[in-house]
Amino acid sequence: SSGRFSGLWPLVEMIRGKIAGEIEKSGAGPPVAILKALVIGRQTDISPDLREAFSRAGVAHLLAISGMQVAVVAGLVFFLLARGLAFIPALTWRGWVRKVAAAGTLPCVVAYGLLAGLSPSTQRATVMAVVFLAAILAGRRHQLMNTLALAALAILAAYPPALYSISFQLSFASVFFIVAGMNTMKDRLTVLPNKWVRRGTGFVLVSFLDIIGTTPLT
């Protein structure tokens, strides 16, 4: 399988290069460098000054493709497929709409992970999305903490030294604290007066838990 993957990777790199070339046609400077980092995970054009500016603003994580981008791709593809498949009576009668949508979303998520360069944060997010979708296919309930653990095991099985990578540590520490913290706080959020206050408080809590989880490492 490693031979097939080694043959696939040059094709992936060629596609990434073409996407980078199309982005570069739109101009030059920091906006283009940022767009390449956000779309294909290529950070080679991010200057030290620009990286420092993002770090000082507390948003350096935006330069790395991670859970947010993968979730947007997976969620959008799943939503569009589910809406379209809902018009097929044979699927709705059998309750197969979500399963077929999950099956169609899986290759899209994997393809996006490859195009994004498979950094540790992208690997974690991609594996978690795959496990999440596989749970839908199998008709099983998904537990986020189990999904996170399986993602870590899959990455370490493929490349054990990733354990000592700061990007691996930051990625998993962040998500672990967010999942554990939100599981603890979710019942307390229900006492808040309305859904908008609950959502706003939830967003603040996610950022706070992210900081708590990664501060010891940073």
Side-chain angles (χ1 to χ4, degrees), residues 1-9 11-12 15-16 19 38-41 64-160 162-163 167-168 171-184 186-187 199 202 206 209-210:
S1 62
S2 60
R4 289 195 295 270
F5 185 77
S6 62
L8 172 65
W9 193 248
L11 174 62
V12 173
I15 296 173
R16 295 180 75 219
I19 294 173
L38 292 176
V39 175
I40 59 173
I65 293 178
S66 58
M68 180 178 67
Q69 291 91 334
V70 174
V72 168
V73 171
L76 181 61
V77 174
F78 184 86
F79 172 78
L80 293 175
L81 285 176
R83 289 296 296 269
L85 293 169
F87 292 99
I88 302 177
L91 296 179
T92 55
W93 291 339
R94 291 175 173 83
W96 289 355
V97 170
R98 283 171 54 83
K99 290 186 176 183
V100 176
T105 305
L106 269 170
C108 297
V109 168
V110 173
Y112 179 71
L114 290 171
L115 290 176
L118 286 180
S119 67
S121 59
T122 309
Q123 292 174 31
R124 184 261 305 157
T126 302
V127 172
M128 287 187 69
V130 168
V131 173
F132 188 90
L133 293 166
I136 295 176
L137 278 171
R140 301 289 296 274
R141 290 185 62 187
H142 47 268
Q143 296 290 336
L144 284 178
M145 200 61 78
N146 291 344
T147 303
L148 180 66
L150 184 57
L153 287 173
I155 293 171
L156 293 175
Y159 185 64
L163 179 64
S167 57
F168 177 92
S171 178
F172 280 90
S174 171
V175 178
F176 175 84
F177 270 82
I178 290 172
V179 172
M182 293 305 291
N183 282 341
T184 303
K186 64 182 179 182
D187 291 335
R199 288 180 181 178
V206 166
L209 292 167
D210 180 34

Nearest heavy-atom neighbours spanning [X] and [Y]:
| X | Y | answer |
| --- | --- | --- |
| P107 | A103 | CD-O, 3.1 Å |
| T105 | A74 | CG2-O, 3.6 Å |
| L209 | F177 | O-CB, 3.6 Å |
| V110 | T126 | CA-CG2, 4.4 Å |
| A102 | F78 | N-CE1, 3.6 Å |
| V179 | M145 | CG1-CE, 3.7 Å |

Atom [atom1] in [X], atom [atom2] in [Y]: separation rounded to 0.5 Å?
| X | Y | atom1 | atom2 | value |
| --- | --- | --- | --- | --- |
| L137 | L106 | CG | CG | 6.0 Å |
| M128 | N146 | CE | CG | 10.5 Å |
| R16 | I40 | CZ | CD1 | 5.0 Å |
| I178 | N183 | CD1 | CG | 11.5 Å |

Identify each donor-acceptor pair in which a side-chain atom of residues 87-97 lies under 3.5 Å from a protein atom, sequence neighbours left out, and give them as a table.
| from | atom 1 | to | atom 2 | distance (Å) |
| --- | --- | --- | --- | --- |
| T92 | OG1 | P89 | O | 2.9 |
| R94 | NH1 | A90 | O | 3.1 |

Side-chain heavy atoms of Q123 within contact of F168, under 4.5 Å
no
Just wondering, do L81 and V100 contact through their side chains at under 4.5 Å, heavy atoms?
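No. Closest side-chain heavy atoms not under 4.5 Å.
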